[in-house]
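Reckoned from all heavy atoms, side chains included, excluding hydrogens, waters and symmetry mates. Chain identifiers are assigned alphabetically (A, B, ...) following the order of the sequence lines, protein sequences preceding nucleic acid strands; residue numbering begins at 1 within each chain. Predicted, not measured: the structure shown is a model, and the values here were computed from it.
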Amino acid sequence: MTGRVSGRPGAAVNDGEDQGSMVGEPRAAMDLSELQQIRLAKATALREVGYDPYPTRARRSHRVDEALARFAQIEPGLPEGGEDAEAVTLVGRLVSRRHQGKTLFAHLRDGSGELQLYVRRDDIGVDEFDRLLKLYDLGDFVQAEGHLFRTRMGEVSLRVGGMTMLAKALNAPPEKWHGLQDTETRYRQRYADLIANAEPRRVFATRTVVIRTIRRFLDDRGYLEVETPTLQPLYGGAAARPFTTFHNALGQTFYLRIADELYLKRLIVGGFERVYEITKDFRNEGIDRNHSPEFTMLEFYEAYADYLTMMETVEALVVQVTREALGSARFTFQGHEIDVSPPWPRRTLREAIRDASGVDYVAHPDQACLLAAARAAGADVSEGTVWPRIVDELLKQFVRPNLIQPTFLVDYPVELSPLAKRKPDDPTHVERFQPYLGGGEIGNAFTELNDPLDQLARFVEQQRDRDAGDQEAMPIDEDYVNALMYGMPPTGGVGIGIDRLVMLLTDQPSIRDVILFPAMRALPTARPTGEEVAAANRGGSGAE
RNA sequence: GGGCCGCUAGCUCAAUUGGCAGAGCAGCUGACUCUUAAUCAGCGGGUUGUAGGUUCGAGUCCUACGCGGCUCACCA
């Protein structure tokens, strides 16, 4: 860590090696803003009258929600405006302040909520009241002890008998009414966003409920949560370009995983019957509203199941997650009322495309023919587009935007799905489905291909596309084929993009709004130099 | 990568045709013992993203660059 003491990241004010200097030493103050200097002076003033602005320990008897619950219990036995006889001690951040002569109202926020503080000079003495007015600021963490009561205006409050500083804030919080609006600052300094805005606090709390509920759902059904490699010598399981990195001691290139699919299925080969993993995948491609270079993926695999079984599981999972997170199976996304109650309609990809565009891709089995038909239907497809891509374009341009209510599209052309098993009655299609919701897909699933030689043939096919310049085609994974040669039972598998699911449930239009610290271009001063990169690759970072 | 838009005080935003860079919040000083966007009086606060250019004069016009947003392309 370098010591940066400025509101703007990248505006380093303290690049020296010495780390242990006491806060409050004015050495770094040269580059502090006027407002920061004023707060720093207050911290120094506190110290001068014997109060540590950063004491080591805090004490708390109740969280805010516990205090409110306690008062609700006790209030019926109190006279009008009476106080709880027992003292409580609360901790948290000062988020608002209203001074009126010899009294002071303020709001304290902890992780569970907010509660009003009521301070009277007569209660705490002239000196302490004065300190409170002069040396405490919005954003400071404090500890307040006192008795609960209800104000004349009807708000449960703490009549403060004593207050101490827990941590002096040098940065002022953002504007209290408009919050922090600047998108870039909200992403780069998420801490400030969380302080200032209730919306991200709600979104990320919901995200946690979603993930917790998924775990419980799968745990309850006998799934084993496992961990597979992030650093992979060979990537696979999806169509995407990987990030590349290098292991110094092994002298070897690794790829950051683009999916965990192939490892999870190796575990099915090994004899685990139900496995899942919730983890980050990394794809080296463009960033937009729906794509982040690192994102969170759920994948789960079940032996002796097929894609029909998995559709029921997905419906049950999504409705349970929605109910846990929102208290209902219905919610609003970007103005659309969505109901995820099962069962969800199932339509084959072929008929969905045919109904929406008039093009039956089965009737146009070669590239030139399908391209002409697609264009005749009004699709925007460029000249060299390969056959499976044209199908994908038809899906994207005609079908997807209209899939607002939950829908399964099923049975995809084999060319689009190198890891899925062919339909028994139609070897040109595979048993695959994608759940659509709110105009986008939230996952991908199939009956897993377990014929090792068919799998090898599909890899070879992919390799041909690779050689033809398709940078997203999968490389041949011989070890995976070897695993399949030990025998993999019939298996159903599902992948669900957690970020997109959270976007839907929290009504957020951008994936960046559901990722706490979304990937951003480094600011000029924060970007490592070529020398630093070279040194890192030379070996040994020195630090853990 | 292309196109469009944006970047002004700590935060939220103004600034007419190119003519003294402003307000609210926050801050500072003071008044006020049930306020809650508290109120009232006064005060301070700016390298207008960066670097050039045009001009008597640039927040405003031009060029380049940086960062971001939207969008297209790419991409599940």
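- Checked options A:Phe204, A:Tyr187, A:Tyr191; the residue passing with A:Leu516 is A:Phe204 (criterion: side-chain contact (heavy atoms from CB on, under 4.5 Å)).
- Within the 4.0 angstrom heavy-atom criterion, no nucleotide atom of any strand lies near A:Phe129.
- Per the geometry, OH belonging to A:Tyr118 stands 9 Å off P belonging to B:U35, to the nearest Å.
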key: Structure string for RNA chain B in dot-bracket form, Watson-Crick and G-U at under 3.5 Å, | interchain   = (((((((..((((.....[..)))).(((((.......))))).....(((((..]....))))))))))))....
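- Using a 4.0 Å heavy-atom distance criterion, A:Leu180 is classed as a sugar-phosphate-only contact.
- For the pair A:Leu395 CG and B:C75 P, the computed distance is 14 Å after rounding to whole Å.
- Backbone-only engagement by A:Arg512 is indicated by non-hydrogen atom pairs under 4.0 Å involving sugar-phosphate atoms exclusively.
- Side-chain proximity of A:Arg120 to the nucleotides B:U33, B:G69, B:C67 is greatest for B:U33.
- Of all heavy-atom pairs spanning A:Val95 and A:Leu138, the tightest one is C-CD2, 3.7 Å.
- Distances shorter than 4.0 Å separate none of the side-chain N or O atoms of A:Arg152 from OP1 or OP2 on B:U35.
- Checking B:A38, B:C67, B:C75 against the side-chain heavy atoms of A:Lys176 singles out B:A38 as nearest.
- Checking A:Arg120 against A:Thr103 by side-chain atom types alone, no donor-acceptor pair falls below 3.5 Å.
- Candidate nucleotides B:G24, B:C75, B:C13 were compared by shortest atom distance to the side chain of A:Glu175, and B:G24 ranks first.
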What side-chain donor-acceptor pairs closer than 3.5 Å can you find for residues 108-116 of chain A, not counting sequence neighbours?
unit_1: A:Arg109; atom_1: NH1; unit_2: A:Glu114; atom_2: OE2; d: 3.0
unit_1: A:Arg109; atom_1: NH2; unit_2: A:Ile195; atom_2: O; d: 2.5
unit_1: A:Asp110; atom_1: OD1; unit_2: A:Ser112; atom_2: N; d: 2.7
unit_1: A:Asp110; atom_1: OD1; unit_2: A:Ser112; atom_2: OG; d: 2.8
unit_1: A:Asp110; atom_1: OD1; unit_2: A:Gly113; atom_2: N; d: 3.1
unit_1: A:Asp110; atom_1: OD2; unit_2: A:Arg60; atom_2: NH1; d: 3.1
unit_1: A:Asp110; atom_1: OD2; unit_2: A:Val64; atom_2: N; d: 2.8
unit_1: A:Ser112; atom_1: OG; unit_2: A:Val64; atom_2: N; d: 3.2
unit_1: A:Ser112; atom_1: OG; unit_2: A:Asp65; atom_2: N; d: 2.9
unit_1: A:Ser112; atom_1: OG; unit_2: A:Asp65; atom_2: OD1; d: 3.2
unit_1: A:Gln116; atom_1: OE1; unit_2: A:Arg98; atom_2: NH2; d: 2.9
unit_1: A:Gln116; atom_1: NE2; unit_2: A:Ser157; atom_2: OG; d: 3.0

